[in-house]
Structures are given as C-alpha cells and as structure tokens.
Amino acid sequence: MAEPASVAAESLAGSRARAARTVLGQVVLPGEELLLPEQEDAEGPGGAVERPLSLNARACSRVRVVCGPGLRRCGDRLLVTKCGRLRHKEPGSGSGGGVYWVDSQQKRYVPVKGDHVIGIVTAKSGDIFKVDVGGSEPASLSYLSFEGATKRNRPNVGDLIYGQFVVANKDMEPEMVCIDSCGRANGMGVIGQDGLLFKVTLGLIRKLLAPDCEIIQEVGKLYPLEIVFGMNGRIWVKAKTIQQTLILANILEACEHMTSDQRKQIFSRLAES
Amino acid sequence: MAAERKTRLSKNLLRMKFMQRGLDSETKKQLEEEEKKIISEEHWYLDLPELKEKESFIIEEQSFLLCEDLLYGRMSFRGFNPEKLMLQMNAKHKAEEVEDETVELDVSDEEMARRYETLVGTIGKKFARKRDHANYEEDENGDITPIKAKKMFLKPQD
C-alpha cells in the first residue's frame with residue numbers, strides 16, 4: 001500500500017521522466033518531462049525488460065518530431081505546459097516522427113497563425129479595420145484583403161468577419177486576412193445578415209470539427225441551416241426562423257456536457273415536433 | 001625659434017580624413033594599426049568556451065491544424081445558403097447524400113422584390129442620355145434609386 005503511493009509521489013516529483021509512448025491517452029500535468037522513443041534505450045528503466053538489439057538504432061538517428069500545443073522543447077525532452085490528455089498522431093507520409101500534443105480545455109483564445117476565426121469589426125483606423133477576435137488585443141485587417149475589394153465592397157463597423165491569421169505571435173499585434181494566398185476568398189469574408197453569434201469553449205469547437213463528428217451530421221438533418229465555426233470559440237448559426245436558430249444554439253452549447261444517448265433523445269424529440 | 005618647435009597636433013586630429021590626404025601609405029597603415037590596438041584593448045569579450053549548438057530535432061508548433069484533421073469551419077445544410085459554396089467545400093469529406101427532400105427556394109420572394117426595385121434604376125441609367133444622369137442619383141450604399149419624373153407644364157384643354 002505504501003509502495004504505489006511512493007512510486008506515484010516519485011514520478012510526480014519529476015525525478016524520473018516517463019516515456020511519451022507509455023503515457024498516450026493519459027492525463028499529464030504541467031511540469032512533467034516526457035522522453036521520446038529514441039531516448040528510451042539510453043535512459044530507460046533498468047530492470048527485467050529485455051531490449052532487443054536494433055541494428056539501425058543510430059543509423060537514422062534523429063527523426064523530426066513536432067511538439068504541438070501544450071508541449072515545449074526542453075533539451076532533448078518534451079516538457080508539458082498544460083494539463084490534459086497526451087495525444088499522438090503518426091506521420092502520414094514522408095519523414096517525421098509524428099506529432100505529440102496535449103488535448104486540453106480552455107475558454108480563452110490565444111491567436112495562432114493559420115487559424116480561421118470569427119471576428120467583430122470594432123473600429124476603422126487609417127487603412128485597416130480593428131477586429132475583435134477574443135484575444136488580448138484586436139487584430140488588424142487591411143481594406144484590401146478581401147476578394148474583389150473595392151471602395152463600395154467593404155465591411156462596416158459591427159459586421160462579422162470570417163478570416164484567418166497571417167501573423168500571430170506574442171510580440172506583435174495579430175493580423176488577419178479574408179483571402180488566401182491565391183487571392184481567392186475560399187469561403188472567408190463578411191458573414192451575412194441575421195443569425196446568432198455565441199461563445200463556447202475551444203475544446204468543443206475542435207470536437208465538433210472533427211472529421212467523424214456525429215453531432216454535426218445529426219444537426220444537419222434537422223432543417224436547413226448555416227453554421228460558421230471560429231477557432232476562437234465563437235459559433236454563428238442561422239436558420240429560417242428565430243425559434244429554429246435558438247434551438248440550434250442551445251443544442252450546440254449543451255452538447256458539450258451530454259452523453260451521446262442523451263443527445264440522441266433530444267434529437268429524436270426535436271425531429272418529432 | 002618658431003621653426004624649431006613644431007606645434008604638436010593631437011592623435012585624434014591626425015586621424016581625421018582631411019589630415020590624411022597628404023600622408024603616404026605607410027604612415028596611414030601605422031595609424032590604422034594603432035587604432036586597432038586601441039580598440040582591441042578596450043574591447044570586452046566573454047571568457048567562455050565555444051558552445052556547440054546541437055541541431056534539435058523537435059519542432060514547436062502552436063497550431064492545432066497539424067495535430068487534428070479538422071473540417072472547414074463554414075458549412076451549410078439542405079441548400080440554405082444561396083451560393084451553395086459551402087456544400088462544395090466539404091464535399092470531399094462527406095459521403096454522397098441522397099436527396100430525399102425537395103430543394104428549397106434559393107432566393108426568397110422578398111429578396112427578389114428588393115432586387116427588382118434597384119434593377120429598374122440600374123438598367124434605366126444605362127440607356128439614359130448624359131443630361132438625364134442627374135435623375136439617377138446614388139445613395140450612400142451605392143443603390144441607384146430613380147427619381148420621379150419632373151412635372152411638366154400642362155396646357156389647359158380649352
């Protein structure tokens with residue numbers, strides 16, 4: 001009884017770093033260090049574990065590993081900076097040792113380059129718009145970064161914009177555009193009239209945008225609607241009537257904490273009425 | 001007496017450009033070396049061994065795009081958005097859906113009425129002569145609303 005406690009205390013104290021491979025899917029806490037697969041052979045726990053000799057151990061020595069959100073590089077190891085579950089994705093093709101990241105939950109958005117977000121135009125100044133994206137400072141959006149930008153064809157103060165970041169780091173003001181590198185809008189730009197904008201947690205957005213998400217498929221069968229998801233935790237919905245829009249907003253907000261059975265119940269009830 | 005003692009010019013003065021034009025190359029080189037010596041004595045440097053930076057094989061990325069294969073964030077279902085761009089964006093992700101329901105009207109009647117209102121003005125402007133352009137003024141939004149025709153003098157019918 002005293003042994004597991006002492007082992008746990010020892011590992012939590014950080015005296016021994018764990019191998020990232022063994023911790024996949026488990027909860028990790030900030031401050032933990034994780035060993036990458038190549039380093040396990042050198043520093044692995046001594047004991048009865050047999051390590052088969054691999055002939056090409058040092059031949060292809062360094063494989064590029066990407067450490068994603070929630071992790072940092074610390075020497076040769078990964079340092080956890082957010083609490084959550086550790087995930088790994090194998091490299092699809094080509095080089096690379098895959099991606100490690102921490103699946104955490106938060107409400108506050110920090111601008112990241114390449115993210116598609118919904119912003120609210122708050123001010124015009126000089127040649128740019130100031131757009132509130134929920135970060136620490138408003139992002140700047142140039143007048144010309146829309147498809148077919150003309151003097152007439154401009155957003156007004158108070159409009160909703162769907163765009164992506166081109167510059168987003170901790171030292172500079174974030175900049176966003178509504179145009180891709182070829183000059184086409186690609187679905188970005190001013191979001192139309194009516195509809196409802198509401199805020200959810202960042203983890204829910206990622207869950208809803210996962211390729212195999214059932215929630216979106218079920219919602220799409222209810223009635224004609226349009227949804228826009230911003231990675232900054234904002235969702236905009238529009239349906240034919242106000243009541244349908246509100247139902248949709250309530251479902252999306254509530255589905256974070258529902259089990260799939262409860263969700264199916266609610267959907268079947270809605271489909272009847 | 002005055003010829004015996006030359007006035008001594010300071011080193012800084014001698015280092016100036018206009019004083020060096022008359023000098024020959026040797027004295028110029030000497031002056032440069034002296035300058036370098038002065039700099040190197042005062043120059044601060046770190047007394048550490050040279051650190052070799054190991055090429056790190058861990059790349060830091062803050063974006064979730066690499067990690068998870070997320071869908072595009074703008075979607076429309078059952079033909080709601082008149083542009084129908086949205087359905088095509090995610091077409092490769094979705095399987096083909098059988099169209100059971102009839103497709104809803106793309107544009108509602110109200111929108112058609114609104115559009116025709118301004119259409120009359122636009123087409124009318126195209127065929128109006130230069131003098132009549134004053135009749136077609138533009139609003140702040142760029143909509144063209146035709147002004148009603150001026151009332152002409154009517155002859156009495158007696």
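Here is how names work: the chains are called A, B, and so on, in the same order as the sequence lines, proteins then strands, and each is numbered from 1.
- One finds the CZ atom of A/Arg72 at 7.0 Å from the CD atom of B/Gln62 (value rounded to the nearest 0.5 Å).
- For the atom pair B/Phe64 CZ and A/Leu209 CG, the distance stands at 12.5 Å (nearest 0.5 Å).
- With a 4.5 angstrom heavy-atom cutoff, A/Lys238 touches chain B via backbone and side-chain atoms both.
- Proximity to chain B involves both the backbone and the side chain of A/Met188, based on heavy atoms less than 4.5 angstrom apart.
- Heavy atoms closer than 4.5 Å to chain A are found in the side chain of B/Leu65, but not in its backbone.
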Give the C-alpha distance, both sets of side-chain angles, the deciding distance and a yes or no for side-chain contact (heavy atoms from CB on, under 4.5 Å) between A/Ile118 and B/Arg74. CA-CA 10 Å; A/Ile118 298 180; B/Arg74 201 160 181 182; over 6 Å; no
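- Within the 4.5 Å cutoff, no side-chain heavy atoms of A/Phe229 are placed close to those of B/Tyr72.
- Going from atom CG of A/Asp212 over to atom CG of B/Asp69 covers 10.0 Å, rounded to the nearest 0.5 Å.
- In terms of modelled atom types and a separation under 3.5 Å, the side chain of A/Arg64 and the main chain of B/Phe57 share no donor-acceptor contact.
- Counting all heavy atoms, side chain and backbone alike, A/Asp115 lies closest to B/Ser63 at OD1-OG, 4.4 Å.
- Contacts between A/Ala239 and chain B at a heavy-atom distance below 4.5 Å involve the backbone alone (N, CA, C, O).
- Under the 4.5 Å side-chain criterion, counting only non-hydrogen atoms from C-beta, B/Leu70 is in contact with A/Arg206.
- Taken to the nearest 0.5 Å, the OG atom of B/Ser76 stands 8.0 Å off from the CG atom of A/Leu225.
- Between B/Phe77 and A/Ile216 there is a side-chain heavy-atom pair separated by less than 4.5 Å.
- For A/Ile191, the parts lying under 4.5 angstrom from a heavy atom of chain B are both the backbone and the side chain.
- In terms of heavy atoms, A/Tyr162 sits closest to B/Gly73 at OH-CA, 3.3 Å.
- Side-chain atoms of A/Lys89 come within 3.5 Å of backbone atoms of B/Leu66 as a donor-acceptor pair (strictly under, hydrogens ignored).
- B/Glu60 places a side-chain N or O within donor-acceptor distance of the main-chain N or O of A/Arg73, the cut-off being under 3.5 Å.
- Contact of the A/Asp76 side chain with the B/Ile58 side chain is not registered, since no non-hydrogen atoms from C-beta on lie closer than 4.5 Å.
- Contact annotation: the side chain of A/Trp101 never approaches that of B/Glu61 to less than 4.5 Å [non-hydrogen atoms, C-beta and beyond].
- With a 4.5 angstrom heavy-atom cutoff, A/Val228 touches chain B via backbone and side-chain atoms both.
- B/Ile59 has its side chain out of reach of A/Val65: every pair of non-hydrogen atoms, C-beta onward, lies at least 4.5 Å apart.
- Atom CZ of A/Arg87 and atom CD of B/Glu68 lie 8.0 Å apart (nearest 0.5 Å).
- Residue A/Lys199 places its NZ atom among more than 12 non-hydrogen atoms of other residues, nucleotides or ligands, all under 6.0 Å distant.
- For B/Leu9, the CG atom is densely surrounded, since the number of other residues' heavy atoms within 6.0 Å is greater than 12.
- Residues B/Cys67 and A/Gly68 share a closest heavy-atom pair of SG-CA, 4.5 Å.
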